[in-house]
Amino acid sequence: MHVDCARRDGRGRVTHVGGPAPGGKRWMLELGAVIDSLQHGAGRFYVSRGSQQIGLSVQRGELVAMTGDDWSVDSLPACVD
């Protein structure tokens, strides 16, 4: 699933991530559910950089880019409802 935005709590911490879904709709999941899904091999999530898709994985309980670059879930823009 393509991840392109984040929802944050009052302290600025990412609580949910979201992205485009088929039919022009949007999906939104709690960050913990995304991490759990990746840890159990139940889902595939990625971000786009230009025309490149960069897979996401979990390291030390954090969502990270599989390419090892400095991408962070904190760098995602706010989701627009």
Side-chain angles (χ1 to χ4, degrees):
M1 297 174 81
H2 182 197
V3 175
D4 69 358
C5 67
R7 184 173 289 157
R8 292 169 173 79
D9 64 14
R11 299 169 110 182
R13 292 182 299 208
V14 173
T15 60
H16 295 74
V17 294
K25 298 185 184 239
R26 308 241 348 133
W27 62 269
M28 178 79 48
L29 289 172
E30 288 185 7
L31 182 58
V34 171
I35 289 170
D36 188 56
S37 179
L38 285 167
Q39 287 177 322
H40 291 95
R44 179 180 175 267
F45 296 88
Y46 66 92
V47 293
S48 293
R49 192 169 288 154
S51 62
Q52 187 178 34
Q53 292 180 350
I54 300 169
L56 299 177
S57 65
V58 179
Q59 288 183 355
R60 293 182 294 283
E62 299 282 328
L63 196 59
V64 298
M66 292 175 79
T67 57
D69 65 10
D70 62 354
W71 180 87
S72 167
V73 71
D74 293 326
S75 67
L76 289 168
C79 294
V80 178
D81 294 325

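In this chain, numbering begins with 1 at the start of the sequence shown.
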Pair listing, disulfide bond (SG atoms under 2.5 Å apart) test, anchored in residues 22-69, at least two apart: none
Contacts of Ser48 that satisfy side-chain hydrogen bond (donor to acceptor under 3.5 Å, both in side chains) - sequence neighbours left out: His2
When every non-hydrogen atom of Ser37 is compared with those of Gly43, the smallest separation belongs to OG-N, 3.2 Å
Per the salt bridge (charged side-chain N to carboxylate O under 4.0 Å, His left out) rule, what does the pair list look like for residues 27-56, sequence neighbours excluded? Arg49-Asp69
Among Ile, Leu, Val, Met, Phe, Trp and Tyr joined by side-chain contacts under 4.5 Å, find the other residues sharing a cluster with Val34 and list them by chain and number. Met1, Val3, Val14, Val17, Trp27, Leu29, Leu31, Ile35, Leu38, Phe45, Val47, Ile54, Leu56, Val58, Leu63, Trp71, Val73, Leu76
Counting N and O atoms only, with roles assigned by atom type, does the side chain of Thr15 sit under 3.5 Å from a partner on the main chain of Arg7, one being a donor and the other an acceptor? yes
What pair of heavy atoms forms the shortest contact from Gly12 to Arg8, and how long is it? O-CD, 3.5 Å
Only pairs at least two apart or in different chains count here, so list each salt bridge (charged side-chain N to carboxylate O under 4.0 Å, His left out) that has a residue in residues 13-29. Asp4-Arg26, Asp9-Arg13
Please list all pairs meeting disulfide bond (SG atoms under 2.5 Å apart) that have one or both residues in residues 5-73, counting only residues at least two apart or in different chains. Cys5-Cys79
Just wondering, more than 12 heavy atoms not from Glu62 lying within 6.0 Å of its CD? no
